[in-house]
*Asks:* 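Below is the structure I would like to discuss, written out as structure tokens.
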Amino acid sequence: MTGIIAKGLLIPFFGTALGSACVFFMKKEMSAKLQKSLSGFAAGVMIAAAVWSLLIPSMDQATEQGMGKFGFIPAVIGFCLGMLFLLLLDVVTPHMHLNETVEGPKSKFSKTTMMVLAVTLHNIPEGMAVGVLYAGWYTGAVQVSASAALALAIGIAIQNFPEGAIISMPLHIKGCSKTKACFYGVLTGIVEPIAGLLTVLLAQFVIPVLPYLLSFAAGAMIYVVVEELVPEMAAEEGDQHSNIGTIMFMIGFSLMMMLDVALG
């Protein structure tokens, strides 16, 4: 059982690492079509996971704890706190997008540091989201399956793939070696398995507030979808409009919904 959890917690990290490694194979940046496809698919997976794997279990858990028809309260509170937490992070740290580069040789160190810090901080709630699901499955406190937790981990890994490129590619373009740029990208993903593992280890102590943690993770994920993935999947390149992001969103949402309902 512990082996299953360990592998699941590492999957999002591998997504970041693979995205960071793109710097060794791509000369400039990821193609717009691939970026939209990945963003759309990840957005669909994460929204479906937020609803079926996090918010619904949060309300079910609160109801079982004696809140009855007011079982939605922890879900609402946790969801809002999760979104507000990510909003605060976006205010205090710049969150780089794939189409942004860092310019200005005089500000190389400070902007590199801030960019790595921003993505690292944004990865913590995502690691917690996977950890919360595995903690709920491990303790039996929430009616979720290991397969549902695995599906969420894979969805976040897909979202992390282009995010790893957010770090490595701009850094290489402005002068960092490919190895160093890739290292910075990989570094941002290390916090995810750590955050997930801490959540699992503390599961026995956080069971009373598990509904809040589940919905907090959902709020953080929805914020990432709304703020990052949807704009990227819907962005127009010049005068060309593409529906690839929407189609991949549909596929991702449907796939995650089927996995969660069938295996949950």
Side-chain angles (χ1 to χ4, degrees), residues 7-50 86 95-101 115-116 118-130 149-173 178-179 181-196 220-235 242 244-253 255-256 259:
K7 292 176 183 177
L9 294 178
L10 285 172
I11 288 175
F13 167 72
F14 289 143
T16 302
L18 288 174
S20 302
C22 286
V23 71
F24 292 108
F25 306 101
M26 296 183 180
K27 294 182 179 180
K28 292 186 177 181
E29 60 184 16
M30 192 178 299
S31 70
K33 182 171 289 188
L34 177 58
Q35 177 185 334
K36 289 180 181 181
S37 299
L38 289 172
S39 297
F41 185 84
V45 168
M46 292 174 73
I47 287 181
L86 266 292
H95 198 175
M96 295 293 294
H97 295 262
L98 280 173
N99 58 352
E100 294 177 355
T101 56
M115 186 168 61
V116 172
V119 177
T120 301
L121 289 175
H122 279 75
N123 283 340
I124 293 176
E126 295 174 4
M128 287 178 59
V130 179
L150 176 62
L152 174 60
I154 293 174
I156 292 179
I158 293 170
Q159 185 261 330
N160 284 349
F161 182 82
E163 198 161 73
I166 290 174
I167 296 294
S168 63
M169 291 183 182
L171 290 180
H172 176 58
I173 289 173
K178 290 185 176 181
T179 301
C182 180
F183 171 75
Y184 277 124
V186 172
L187 192 65
T188 65
I190 291 178
V191 297
E192 289 190 285
I194 294 175
M221 289 172 59
I222 294 297
Y223 182 88
V224 172
V225 171
V226 173
E227 182 70 14
E228 300 291 335
L229 300 180
V230 170
E232 287 170 5
M233 64 177 263
S242 173
I244 185 66
T246 303
I247 294 172
M248 293 304 294
F249 176 92
M250 175 188 68
I251 294 173
F253 185 93
L255 177 62
M256 184 63 196
L259 287 174

*Asks:* Quick one: does S168's side chain have a donor or acceptor within less than 3.5 Å of a partner on C182's backbone?
*Replies:* no
*Asks:* Side-chain contact test, heavy atoms from C-beta onward, threshold under 4.5 Å: evaluate it for V230 versus V226 and give yes or no.
*Replies:* no
*Asks:* With respect to F161, which candidate in I156, T16, L18 satisfies the side chain to side chain contact (heavy atoms under 4.5 Å, CB included) definition?
*Replies:* L18
*Asks:* So, N160 side chain and P12 main chain: donor-acceptor pair closer than 3.5 Å or not?
*Replies:* yes
*Asks:* Find the distance between OG1 (T246) and CD1 (I251) and round it off to the nearest 0.5 Å.
*Replies:* 11.0 Å
*Asks:* Might you point out which heavy atoms bring P193 and L10 nearest each other, and give the distance in Å?
*Replies:* CB-CD2, 4.0 Å
*Asks:* For N123 and T188, work out which heavy atoms get closest and say how close.
*Replies:* ND2-O, 2.9 Å
*Asks:* Nearest 0.5 Å, what's the CD1-CD1 distance between I194 and I124?
*Replies:* 9.0 Å
*Asks:* Hey, does F249 have a side-chain heavy atom less than 4.5 Å from the side chain of I47?
*Replies:* yes
*Asks:* What's the separation between atom NZ in K36 and atom CD1 in I247, rounded to the nearest 0.5 Å?
*Replies:* 11.5 Å
*Asks:* Looking at NZ of K33 and CD1 of I244, how far apart are the two atoms once the value is rounded to the nearest 0.5 Å?
*Replies:* 7.0 Å
*Asks:* Quick one: closest heavy-atom pair of M248 and S37, and the distance?
*Replies:* CB-O, 3.5 Å
*Asks:* What's the separation between atom NZ in K178 and atom CZ in F24, rounded to the nearest 0.5 Å?
*Replies:* 8.0 Å
*Asks:* M221 and A50: which non-hydrogen atoms are nearest, and at how many Å?
*Replies:* CE-N, 4.5 Å
*Asks:* Locate the shortest heavy-atom distance separating I158 from F41; write the atom from each residue and the value.
*Replies:* CD1-CE2, 3.1 Å
